[in-house]
Structures are given as C-alpha cells and as structure tokens.
Amino acid sequence: MRKKHIVITGGAGFIGSHLCGRLIKEDYRVICLDNLITGSLENIRHLLKENKFKFIKHDVTRYIDIKGSLDYVLHFASPASPQDYLKFPIQTLKVGSLGTHNALGLARQKKAKFMLASTSEVYGDPLEHPQPETYWGNVNPVGIRGCYDEAKRFAEAITMAYRRVHNIDTRIIRIFNTYGPRMRLHDGRVVPNFIYQALTNKPLTVYGRGKQTRSFCYVDDLVEGIFRLMQVKADRPVNLGNPCEFSIMELARLVIKLTGTKIKIIFQPLPQDDPRQRKPDITKATKLIHWRPKVELAEGLDKTINWFKAKKALSLTRL
Ligand code: UDP
C-alpha cells in the first residue's frame with residue numbers, strides 16, 4: 001500500500017518535531033518545512049537519516065511548491081512563545097495570515113486534508129472558565145499579544161472559508177500550554193524559564209503575584225491527541241490541552257521541589273494583557289477521539305528537567 005504523504009509546516013519546532021517523529025513511526029512520508037527562525041535543525045537531526053523524511057528550509061509566507069501527491073497538510077508554523085512573537089510580530093502575523101493562505105492553497109491544489117494548529121490564545125484573557133470551543137474570546141487586537149492572537153483568529157477564519165467555499169476537509173485544533181523536551185532553554189515561556197533558572201541557581205521570576213493560572217499538557221499527550229484527531233472528521237475547532245489547572249506560584253514551588261534546589265522566588269511586573277486564567281474544556285475531544293492527557297504535571301516536569309539537564313551539560317558554554 002502507498003504510504004501517506006504529509007507536509008508539515010513548522011516541523012522543526014517544538015511541537016512540530018515531536019509530531020514529525022510520531023508520523024514517521026506510523027509509516028507516513030513526511031516533508032517538513034521550516035524557516036528556522038524559532039525552530040531548529042537540532043530538533044529533527046535524528047530524523048534526517050530516515051528516507052521517509054525530508055526537510056526543506058522554506059518560509060511558508062512565500063508560495064509553497066511541492067512535487068507529487070499529498071494526503072495531508074499540517075500547518076504548525078508560527079512563533080509561539082510570547083517572547084518570540086514580541087520579537088517577530090510581523091513574521092507572526094504573516095505566517096498566521098499569508099502562511100495559512102499558502103498552506104490552504106497547497107491542500108486545495110493536492111486535494112489533501114488540512115489541519116491548522118491554532119491556540120488557546122484565541123480566547124485572549126477569557127471571561128468564561130474553563131474555555132469551551134463555543135466561547136468567542138476576549139482579545140485586545142492592539143495589545144502586544146495581538147499579533148499572535150489575531151493572526152491565529154484570522155487563520156481560523158480563512159480555514160473555515162476554504163472549508164465552506166472549496167470543500168477542503170479541514171480540522172482546527174486549539175492547543176493549550178504544552179511543555180516537554182526540545183523547548184529552548186531561552187524560549188521565555190514559564191516552564192523552560194523556571195527549569196533553566198532552577199538548574200543555574202537563579203531565582204525563579206514569577207510575573208505579577210503568580211495567581212494567574214495555566215493548565216500544562218505534556219507534549220506526548222498532545223501529539224497523541226493530534227494524531228487521533230487527524231483520523232476523524234471535525235468541522236469545528238477542538239481544544240487540546242490538559243484540564244488540570246495550576247497557579248504560576250504552584251508551578252514555581254513544584255519546580256523548586258523537583259529540582260531539589262534552594263532558590264528564591266522573585267516577583268517581576270506582569271506583562272501587558274497576560275491572561276489571568278486558562279483551562280481547556282476538553283469534553284469535545286474526549287467524545288470525538290476518546291482522549292484525555294495521561295501525564296501528570298510532576299511526572300512531565302521530571303522528564304523535562306532531565307532533558308534540560310542533559311542539554312545544559314552539552315551546551316555549558318552557551319549558558
Ligand atoms: N510567567 C512567569 N515567569 C516567567 C515566564 C512566564 O511568571 O519567567 C508567567 C506569565 O506571565 C504567564 C504564565 O507564566 O502568566 C505563562 O506564561 P508563558 O509565557 O509560558 O505562556 P502564555 O500562557 O502566557 O502564553
């Protein structure tokens with residue numbers, strides 16, 4: 001039987017690279033596109049020797065030209081850490097708009113299925129809690145996070161338009177906070193920040209008073225959810241994330257405990273428009289794909305800490 005051919009944009013990123021690995025294991029042929037502004041060849045080095053895997057350095061805001069047939073286009077390209085989209089606001093807007101348009105155009109040309117990696121950021125600073133997919137969100141379009149939130153909201157809108165006008169078989173997943181190996185040490189998100197700080201004996205930087213909440217999903221759980229969702233039809237967005245909610249203070253204390261360090265917690269100003277609470281309602285995913293995250297926060301953090309320790313040992317000169 002012919003292997004399924006897949007294009008994944010952003011395949012050298014944190015989530016994208018884990019997904020590439022899973023798809024190769026499932027015997028798909030994977031073409032990974034990435035411009036490497038936040039992704040890294042390190043993330044996919046182990047896949048480069050596979051003949052089912054091909055990497056093409058390409059900025060998907062420009063026309064995507066792929067030879068041969070395709071079964072699936074997975075659009076995962078985008079900066080995703082607040083620090084990154086503050087640094088690359090225009091690229092973030094372009095990859096969410098022009099990049100999604102190009103990825104949809106490719107799916108249309110190849111008669112392929114399409115999946116958009118959207119985000120819990122489409123809910124902004126949510127006034128409904130937990131967040132079901134039916135909630136329309138509370139986003140500040142002109143704030144510092146607007147470039148990411150609105151790019152993803154546009155991406156969802158154009159995906160729905162292509163579905164309605166061109167009958168593309170689309171799926172939109174809204175990914176909540178995800179963590180695990182291959183996050184960059186200086187990614188800026190809270191999990192890598194705290195782990196890096198703990199491993200280098202620096203105080204943990206809690207923004208605001210640390211009362212804001214997030215719900216953290218281990219990357220393997222997320223990839224399982226994505227893989228299952230690829231196999232079913234879903235005409236509307238589906239939340240994927242771990243519904244166990246923690247305050248940022250609770251997370252800081254847990255990282256201190258798990259790393260066995262005696263460092264302090266210091267408080268820094270809360271960034272503008274930082275969502276006060278976030279927790280996915282995953283009823284829809286549970287019904288549709290019988291999925292629930294399995295990895296508890298302490299277990300996932302332990303694995304991530306071990307990976308960071310190994311990475312730190314390798315790159316001591318860069319710390
Ligand atoms: N945060 C923090 N200290 C840090 C980094 C982040 O207290 O060193 C907070 C941040 O203000 C936010 C939460 O942790 O409330 C999650 O931030 P992150 O950047 O990981 O992702 P977000 O969910 O905000 O996109």
Side-chain angles (χ1 to χ4, degrees), residues 13-15 38 76 78-89 92 96 117-126 129-131 137-140 143-153 173-219 222 239-256 259 261 263-280 297 300-301 304-305 308 319:
F14 161 52
I15 295 175
T38 57
F76 277 65
S78 178
S81 149
Q83 174 183 288
D84 289 335
Y85 50 76
L86 289 184
K87 190 165 159 202
F88 303 113
T92 302
S118 185
T119 167
S120 53
E121 278 286 324
V122 298
Y123 301 122
D125 185 9
H129 193 73
Q131 294 80 54
N138 177 37
V139 169
N140 174 4
I144 52 173
R145 297 172 87 105
C147 59
Y148 184 60
D149 302 9
E150 296 297 2
K152 290 292 190 181
R153 288 169 71 96
I173 53 168
R174 292 186 179 150
I175 301 174
F176 284 65
N177 294 66
T178 302
Y179 69 99
R182 301 204 196 127
M183 291 187 102
R184 287 168 298 147
L185 299 178
H186 302 290
D187 169 288
R189 280 179 280 193
V190 68
V191 170
N193 261 16
F194 284 178
I195 295 178
Y196 169 75
Q197 289 160 347
L199 294 182
T200 50
N201 278 311
K202 298 200 173 82
L204 299 197
T205 52
V206 166
Y207 302 160
R209 298 177 61 201
K211 287 192 169 164
Q212 69 274 34
T213 67
R214 295 293 187 273
S215 308
F216 300 97
C217 186
Y218 189 64
V219 65
L222 180 82
N239 287 339
L240 289 180
N242 192 319
C244 296
E245 186 181 11
F246 292 84
S247 73
I248 296 306
M249 267 312 270
E250 285 172 323
L251 177 74
R253 289 202 194 97
L254 191 55
V255 170
I256 291 176
T259 49
T261 43
I263 43 174
K264 286 192 304 189
I265 291 174
I266 55 169
F267 295 93
Q268 293 190 348
L270 191 65
Q272 187 196 331
D273 295 335
D274 198 286
R276 279 162 293 182
Q277 52 183 359
R278 185 181 289 153
K279 168 183 160 102
L297 185 59
L301 282 177
T304 312
I305 289 165
F308 268 69
L319 288 177

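Read the numbers this way: they start at 1 and go in the same order the structure lists the ligands and their atoms. Positions are given from 1, in the same order as the sequence printed here. Everything numeric in this text was worked out from a predicted model, so none of it was measured.
- The parts of Thr205 lying near ligand 1 are both backbone and side chain, judged by heavy-atom distances below 4.0 Å.
- In the vicinity of Asn193, heavy-atom distances shorter than 4.0 Å reach the ligand 1 atoms 4 (C), 5 (C), 8 (O).
- Glu121 and Lys152 are not joined by a salt bridge, as no carboxylate oxygen comes within less than 4.0 angstrom of a charged side-chain nitrogen.
- Of all atoms in ligand 1, listed by their number and element, those nearer than 4.0 Å to a heavy atom of Glu121 are 25 (O).
- When the heavy-atom distances from atom 24 (O) of ligand 1 to Arg189, Arg145, Gln268 are ranked, the shortest goes to Arg145.
- Among Tyr148, Phe216, Tyr207, the residue whose heavy atom lies closest to atom 6 (C) of ligand 1 is Tyr207.
- Taking distance alone, with nitrogen or oxygen atoms compared against 3.5 Å, Tyr85 stays at or beyond that limit from ligand 1.
- Rounded to the nearest 0.5 angstrom, Gln197 CD and Thr205 OG1 are separated by 3.5 Å.
- Salt bridge Glu150/Arg153: present, at least one basic N to carboxylate O contact under 4.0 Å.
- Those atoms of ligand 1 with a heavy atom of Val206 less than 4.0 angstrom away are 7 (O).
- Partner Leu297 forms a side chain to side chain contact (heavy atoms under 4.5 Å, CB included) with one of Asn242, Val191, Leu254 and no other, that one being Leu254.
- Ring geometry for Tyr123 versus Phe176: interplanar angle of 30 to 60°, hence tilted.
- Evaluated for a side chain to side chain contact (heavy atoms under 4.5 Å, CB included) with Val190, the options Val206, Asn177, Ile248 yield exactly one hit, Ile248.
- Under the 4.5 Å side-chain criterion, counting only non-hydrogen atoms from C-beta, Tyr179 is in contact with Leu301.
- Checking side-chain atoms of Arg145 against main-chain N and O of Gln272 turns up no donor-acceptor pair under 3.5 Å.
- Closest heavy-atom approach to atom 14 (O) of ligand 1 among the candidates Asn177, Val190, Ile265, Ile266: Val190.
- Less than 4.0 angstrom separates some heavy atom of Ile248 from each of these atoms of ligand 1: 7 (O), 13 (C), 14 (O).
- By the criterion of a heavy-atom distance under 4.0 Å, neither the backbone nor the side chain of Gln83 is placed next to ligand 1.
- With a heavy-atom cut-off of 4.0 Å, Lys211 does not touch ligand 1 at all.
- Atom 10 (C) of ligand 1 has its closest protein heavy atom at Asp274 OD2, 3.3 Å.
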